[in-house]
Amino acid sequence: MDFTKSLFRKEFFIKAFQVISGLIILPRISPLSRLFAARNDALVVIRGADLSKGTIENMVKKGFEAMGGIDRFIKKGMKVVIKPNIGWNSPPERAHNTNPYIVETVARMCRERGARVQVFDRTCNKASLCYVNSGIRKAAKNAGAAIEYIDSRRYRKVPVKKGLKQKYLYVYEDMIKADFVINIPIAKHHSLAQLTLSMKNLMGVLGGNRGDYHHNMDENIVDFTKAIRTDLTIMDATRILTDHGPSGGTLDDVKVMKTIIFGKNPVTVDAYTTTLFGREPRSIGYIKLAGAEGMGEINVKKMRITHKTV
Amino acid sequence: MKSPRWSQLRALAQLALWLAFLLFIVTLRFPVENEGAYALVPRLSPHLALTASLSTREALTVFYPALIVLILTLVLGRFFCGWICPLGITLDGTDRIVKTGGNHLQFGKSGEKDLRYGKYLVLTGSLILALAGFQAAGLIDPLSLVVRSYGLVVYPYLDFSLKGIFQALGHIPGVSHASEPLFSLLKGSLLDLNPILFSGHITVLLFFLVLLLLSRMARRFWCRSLCPLGAVLALTSRFSFFRRKVSVEKCTHCLKCQRDCRMGAIEGKGLATREEECIKCFECLQSCSYDAISFGFGNPFAKEQAVPREEGDEKAEPEASPGGLTRKRLLAGVVSSAALVPVLKINAQYRADFSHLIRPPGALREEDFLDRCIRCGECMKACPTNGLHPALLEAGVEGLFTPRLIPRLGWCEKNCNLCTLVCPTGALKRLELADRETTVIGTAYFIHDLCIPWSENRECLVCEEMCPTQTKSIRFREETVLDRKNRTVRIKRPYVVEDICIGCGICENKCPVPGSAAIRVRTPKNVPLSALTSQKGEGGYGGE
């Protein structure tokens, strides 16, 4: 009896070991991994103590950690596109462009993983001045990423499946060819769209006369999100612009939130970000539409949110 | 000082300076780190220093490099024309292309040797006009003209052509693999990142072409007979110390040096020199087979220059008046210049319709601006949005080639003061970036018949999005309207808050209406006319 008992114990331990190691290994080797961590409706919200470069660096690192580690996303030799908002010729304090420290940290982490990193945006003000005065040109160079100006010949026609208003869009070639796209918008007020977040930030990779998209803007923003793949969204809410956006605003309109939000689904990230402005996700036309189209969870209560502080 | 290599050395120096000049033109764009270097070229001209000081009635100290040129000229003669002037370099370089008429100008039946006195008349004219308050000097000063021509014509044409070639190569499979990396290397270095073009470029080109083609009459015809800067330097160098010397013993009067002289400065039997015409190119050193010529310091006031009195050599005497400028001719020049004053100054054009003449930020009051602007075009070349363009007749004849903002082609970028940094004269007063946001250059207004939310009852609001003012000078009201299908919809209709608008024109530039925009920028509306022009009381709205 003692003998069988000990045999049972031994088998139990072996089985248990197998199951546990399976649980650990499986998510890392199987495409089912998506089920385990970083689910589509999962968000990581990082709050920092201040806006210093060191703190923001740690916030970004913590964010990736909570998303399951950057190794999960970035593999050696990958072509990674980072799409910040560099639309305006303004310094970071005005909260018109993405915080350069975030761009620098993300780019550096990708470079350390052995990826090739490109940073670009189709600007509204003059590109050369935007790149320099936003601080993002220097940030990208510091991190060893390629900072490139848009070449107007390199837009490709991309169909919009089940588009609400657009049948096709012209999307920047590098965006389509990338192995991994990281969208890093800044959260801002916008009179027509009400808020410009990650979905609206995709306008920065579109060709053609963008003025045309201002009519039926909500539907068009949903179409951008349908047509343009992004693999990871990192919302810059370190400073948010609460009024007179996306290009104006006094320093009183800039609210220091010291927050960065990580998520895989841009709709979910945007829906959560509205709460930083004290808004309901459903009060923003394009988020409500995207929710109705089943593009992502927009009910904040149903999201799986991990909060971390740095 | 005798070496056959001097003229080669000069050619090398010219090439090097030409390349430096090209570098200056190419890099005259964002970012400008050392603004003094960018403003240097026009500031070298004593002619501009003189006329700008006359027309503004104040000694413009920013022109101190011109003083250095003048002092050096007193010693070295017209070396500036032969060695440094970028226009002179261009003329020397294009001699073969325009098939120059040779070194000797025979003009008119009278057997007049040349039209050398012409340049003194041009100088007289530009001084008299400056005195009368018309800065015409900038139009014809070689430094102003060469910067303008290279910046607004030569470089943009080169940029356009190279981009076109690379774009065509990019379509050819195989070739594109080699051409595209080179293309991206050139973009942002030799080539501009954006298309660069100038409204009215053909007029600027015509000025430049005519000048180059003048060499068909004779080499350096411009420099001999028309250049007002050449005239100033010639007058200065009549008594310069560094002179050409010819050995009477060695000279065989073969006149080869005379035939080779590009300025026609060698007179008589080859022994005498018009020092005020000699540009110290040292070509004669090279051409003399008898080693008779040398350059060195000598006494400019010495009466006798070892010129033997031979028959037909009377022209060897230094003339009492420079270049055949007789009292009669001078008088005629003065009178006709004075007659030009009303022709050029009367400016109904500006008074009648200056509403869309937007000057760059930092521009002085219109009249003071015109007095001081030398039309070099540096601000236009530097403008990162390519929004500044040379005016043709929009500001009247006297405003020819002055900068104006055409917002539909390029707006006035926020957080930018480049044009005011590179302006060599202060016609655009240096603007600190902190003041940029409150510097008013115009006021926007809507044209409702074109504006989409007004004319089509559809949403747009691009202008409001772009507006850079802190509290938005373009705002909107939500209004209930009927859409195309007669459904009741609420849309946002924009309007301008004139007190806040600074007239940067990004709204006009980005307006998605095809062709002419539905929002335009006019001259500042809430600024009193007296702040724009000094014509208080006369004309304007002041009444009788």
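Per chain, numbering begins at 1; letters A, B, ... match sequence-line order.
In F166(B), the CZ atom is crowded: over 12 heavy atoms of neighbouring residues, nucleotides or ligands sit closer than 6.0 Å. Around atom NZ of K138(A), no more than 12 heavy atoms belonging to other residues, nucleotides or ligands sit under 6.0 Å away. Annotation for F277(A): atom CZ counts as buried by contact number, over 12 foreign heavy atoms lying within 6.0 Å. Under a cut-off of 6.0 angstrom, the local environment of NZ in K288(A) is sparse, with at most 12 non-hydrogen atoms contributed by other residues, nucleotides or ligands. When the shell of 6.0 Å around CZ of R116(A) is examined, it contains 12 or fewer heavy atoms from other residues, nucleotides or ligands. A 6.0 Å sphere centred on CZ of R282(A) holds no more than 12 heavy atoms belonging to other residues, nucleotides or ligands. With a 6.0 Å radius and a threshold of 12 heavy atoms from other residues, nucleotides or ligands, Y157(B) has its OH atom above the threshold.
Inter-residue side-chain proximity for Q167(B) and R153(A) is flagged as met; some heavy-atom pair is nearer than 4.5 Å. The shortest distance between side-chain heavy atoms of C416(B) and L129(A) falls below 4.5 Å. When side chains are defined from C-beta on, F30(B) does not count as touching K126(A), because their heavy atoms never get closer than 4.5 Å. When side chains are defined from C-beta on, N125(A) counts as touching I506(B), because their heavy atoms get closer than 4.5 Å. Counting heavy atoms from C-beta outward, H244(A) and E464(B) have side chains that stay 4.5 Å or more apart. Contact of the N89(A) side chain with the P468(B) side chain is not registered, since no non-hydrogen atoms from C-beta on lie closer than 4.5 Å. Contact check for D151(A) versus K187(B): side-chain heavy atoms found under the 4.5 Å cut-off.
The backbone N or O of H214(A) sits nowhere less than 3.5 Å from a side-chain atom of E459(B) that would complete a donor-acceptor pair. K510(B) places a side-chain N or O within 3.5 Å of a backbone atom of C124(A) that can act as its donor or acceptor partner. Under the 3.5 Å distance criterion, the side-chain polar atoms of K414(B) are left unmatched by any main-chain donor or acceptor of W88(A).
The two atoms that bring S90(A) and N415(B) nearest to each other are CA-ND2, 3.9 Å, heavy atoms only. Residues S247(A) and K472(B) come closest through the heavy atom pair OG-NZ, 3.0 Å.
Residue R210(A): no heavy atom, backbone or side chain, is found under 4.5 Å from chain B. Proximity to chain A is limited to the side chain of E180(B), based on heavy atoms less than 4.5 angstrom apart. Neither the backbone nor the side chain of E456(B) comes within contact range of chain A; no heavy atoms are under 4.5 Å apart. In this structure, chain B has a heavy atom under 4.5 Å from the side chain of D253(A), while its backbone stays farther away. Neither the backbone nor the side chain of N509(B) has a heavy atom closer than 4.5 Å to any heavy atom of chain A. Contact of T471(B) with chain A is made through backbone and side chain together, with heavy-atom distances under 4.5 Å. For T196(A), no part sits under 4.5 Å from any heavy atom of chain B, backbone or side chain.
Ranked by non-hydrogen atom pairs under 4.5 Å with chain A, the options G170(B), C460(B), S184(B) are led by C460(B). Note on S191(A), S128(A), G211(A): by heavy-atom pairs under 4.5 Å with chain B, the leading option is S191(A). The residue among V513(B), L193(B), L461(B) with the most heavy atom pairs within less than 4.5 Å of chain A is L193(B).
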For this session: Please lay out, stage by stage, how L192(A) and V462(B) fare under the test side chain to side chain contact (heavy atoms under 4.5 Å, CB included).
Result: CA-CA 9 Å; L192(A) 195 57; V462(B) 175; over 6 Å; no

For this session: Kindly determine whether H190(A) and E465(B) satisfy side-chain hydrogen bond (donor to acceptor under 3.5 Å, both in side chains), including the steps that lead there.
Result: CA-CA 7 Å; H190(A) 188 285; E465(B) 178 180 358; 3.2 Å; yes

